[in-house]
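Okay, structure first, notes after.
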There are 2 protein chains.
Amino acid sequence: MKNHVSPPSLSATIADAIRSDIVDGRLLVGDRLPSETELADQHGVSRATVREALKRLAAQSLIRTERGAFGGAFVNHLSYEEARAQQVTTSTLLLGMNAIGFQVACEARYALERSCTSLAAERRTDALLDAMRKEIEIQSAPGLTDEAFCASDVAFHRALVDCAGNEVLSYHLAGSVEAMQPLMNMITFTARSRAEIIDLHRSIVADLEKRDAVSVDRALAKLEAYTITLGQSVLKARATR
Amino acid sequence: MKNHVSPPSLSATIADAIRSDIVDGRLLVGDRLPSETELADQHGVSRATVREALKRLAAQSLIRTERGAFGGAFVNHLSYEEARAQQVTTSTLLLGMNAIGFQVACEARYALERSCTSLAAERRTDALLDAMRKEIEIQSAPGLTDEAFCASDVAFHRALVDCAGNEVLSYHLAGSVEAMQPLMNMITFTARSRAEIIDLHRSIVADLEKRDAVSVDRALAKLEAYTITLGQSVLKARATR
DNA sequence: GATTTTTCATTTGTCAGACATTTAATTGTC
DNA sequence: GACAATTAAATGTCTGACAAATGAAAAATC
């Protein structure tokens with residue numbers, strides 16, 4: 001029988017130790033870690049092992065390294081962009097690898113997105129409304145590929161989320177919206193279905209302008225229902241193929 | 001002036017190449033990567049460099065490695081647990097490192113949590129309601145430390161989120177709820193404020209039992225307002241100290 | 001012939017030492 | 001004082017080696 005619980009390697013152990021130093025605040029943003037040689041001495045391992053540990057942390061954007069004299073590994077300031085990129089990667093993989101039902105993923109995504117409607121109606125800016133209108137223009141263009149349509153759809157919804165004027169909210173929602181893109185890309189959008197979606201997008205923008213949160217919410221509910229319908233028809237077509 | 005845009009290292013480049021192989025589906029879950037020696041030959045680098053690249057991917061749970069003959073690096077099946085753990089780490093760091101206003105973080109957290117009230121009211125199970133009651137018991141215990149109170153609070157809200165019966169939703173919300181814990185830990189809960197919170201928890205459970213989504217939502221709104229009040233008083237006390 | 005034991009090849013984990021490259025501070029020169 | 005050369009410290013990479021784990025095949029045993 002396979003054990004499958006292999007003892008953590010030295011590099012993993014060291015990485016965990018440094019990680020908790022950072023997470024628990026013993027190392028602060030901008031602090032410099034000891035040099036690789038010093039870390040190797042401290043932990044009684046070779047420099048190669050320390051380097052593997054540091055690469056693990058770098059992969060999580062916990063540290064950044066600089067070369068040269070007075071270079072080294074520094075506790076990284078995690079920007080919204082980096083955090084979002086990581087979250088999107090993780091969420092996308094989770095959806096892709098776990099055979100999540102399209103309906104379940106869709107339900108979650110729209111539930112989350114609807115959580116920002118009242119704030120968005122309250123705080124929407126003209127700049128963001130314009131951005132949304134621009135995306136609607138793109139979506140209306142004839143000859144647009146399905147993938148480009150999806151990409152613009154994501155951009156539209158990201159702008160909608162940004163209307164809530166809360167960076168933390170935008171960060172969380174970016175993960176759920178963008179992670180859906182691969183699933184959405186499986187759908188073929190007919191001219192008919194595109195028109196339907198664009199109509200809903202138009203009404204969302206209009207309702208936001210009027211600061212009518214209830215109507216925005218209703219439109220999103222319709223969009224969810226319609227998207228699930230589209231997804232199911234695709235799955236049905238697959239099954240009978 | 002510092003350049004700050006250092007060219008990506010070889011190990012980072014190789015990691016990116018393999019990562020896109022996985023993300024774009026050229027490597028599937030369970031597939032075995034070539035051995036480190038083979039990868040080194042393929043990319044024309046040393047084994048040490050390949051290993052650093054693989055450790056980066058392992059840190060993101062994209063691959064897992066097994067020792068021994070017929071061992072190697074395998075494309076990992078990303079479980080909900082692993083994904084959630086990563087998301088919580090990222091979110092916690094983001095909140096901790098970016099001097100997010102307590103109010104902004106709180107607003108985002110409750111907006112997201114309220115997105116699951118209608119599903120939760122519809123699908124709540126007796127088992128989860130019992131779990132929530134159990135946490136209320138814990139929270140009512142005299143002599144409980146603030147940290148233990150917070151931990152139980154997180155457990156309560158996780159159960160609430162799980163009531164929605166949507167794994168994807170639970171995954172996303174876990175990040176926003178758990179990442180708040182360090183911020184919540186800064187708050188000192190008086191007996192008075194604990195009683196207030198526990199009352200709201202009780203009414204949430206009662207409303208869920210009655211499948212009364214509107215009342216749950218109202219209680220969460222109150223909880224949000226009260227939490228923000230508590231947070232602000234802490235900040236004020238800090239400022240005048 | 002079936003079962004157990006041993007051997008063996010493969011692969012990751014770790015180490016030691018070396019050299020290349022980058023970078024900021026120092027020193028030297030005019 | 002300004003500019004150029006030197007130097008020291010640090011990461012990035014390579015090489016070669018050995019240890020440890022592990023499954024498969026071969027050998028020994030019954």
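Every chain is numbered from 1, with letters handed out A, B, ... down the list of sequences.
Between the C1' atom of C:dT11 and the CZ atom of B:Phe74 lies a distance of 10 Å, rounded to the nearest Å.
Applying the salt bridge (charged side-chain N to carboxylate O under 4.0 Å, His left out) definition to pairs two or more places apart or across chains, those involving residues 152-176 of chain A are A:Arg158-A:Glu178. Sorted pairs that involve residues 179-188 of chain A and meet salt bridge (charged side-chain N to carboxylate O under 4.0 Å, His left out), not counting sequence neighbours, are lacking altogether. The ring-ring contact (aromatic ring centres under 6.0 Å, His included) analysis of residues 157-180 of chain A, with sequence neighbours excluded, yields the pairs A:His157-A:His201. Among residues at least two apart or in separate chains, there is no salt bridge (charged side-chain N to carboxylate O under 4.0 Å, His left out) pair with a member in residues 90-103 of chain A. Each salt bridge (charged side-chain N to carboxylate O under 4.0 Å, His left out) pair with one or both residues in residues 68-86 of chain A, not counting sequence neighbours, appears once here: A:Glu81-A:Arg84.
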With a 3.5 Å cut-off and sequence neighbours excluded, list the donor-acceptor pairs that the side chains of residues 54-63 of chain B form with protein atoms.
| residue | atom | partner | partner atom | Å |
| --- | --- | --- | --- | --- |
| B:Arg56 | NE | B:Ser11 | OG | 3.4 |
| B:Arg56 | NH2 | B:Ser11 | OG | 3.2 |
| B:Gln60 | OE1 | B:Arg19 | NH1 | 2.2 |
| B:Ser61 | OG | B:Gln86 | OE1 | 3.3 |

Within the sub-3.5 Å range, which N or O atoms of nucleotides 10-13 of chain D have a protein N or O partner, and how far apart are they?
| residue | atom | partner | partner atom | Å |
| --- | --- | --- | --- | --- |
| D:dT11 | OP1 | A:Glu36 | N | 3.4 |
| D:dT11 | OP2 | A:Glu36 | N | 3.1 |
| D:dG12 | OP1 | A:Thr65 | OG1 | 3.2 |
| D:dG12 | OP2 | A:Arg51 | NH1 | 2.9 |
| D:dG12 | OP2 | A:Arg51 | NH2 | 3.4 |
| D:dG12 | OP2 | A:Lys55 | NZ | 3.1 |
| D:dG12 | N7 | A:Arg47 | NH2 | 2.8 |
| D:dG12 | O6 | A:Arg47 | NH1 | 3.3 |
| D:dT13 | OP1 | B:Leu10 | N | 2.6 |

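Comparing the end axes of the helix from C:dG1-D:dC30 to C:dC30-D:dG1, each fitted to five base pairs by superposing C1' atoms of four pairs onto the next four, gives an inter-axis angle of 20° (nearest 10 degrees).
In terms of the ring pair (Phe, Tyr, Trp, His ring centres under 6.0 Å) criterion, residue partners of B:Phe189 (sequence neighbours excluded) are, by chain and number, B:Phe149.
Residue A:Gln42 qualifies as enclosed at atom CD: its count of foreign heavy atoms under 6.0 Å is above 12.
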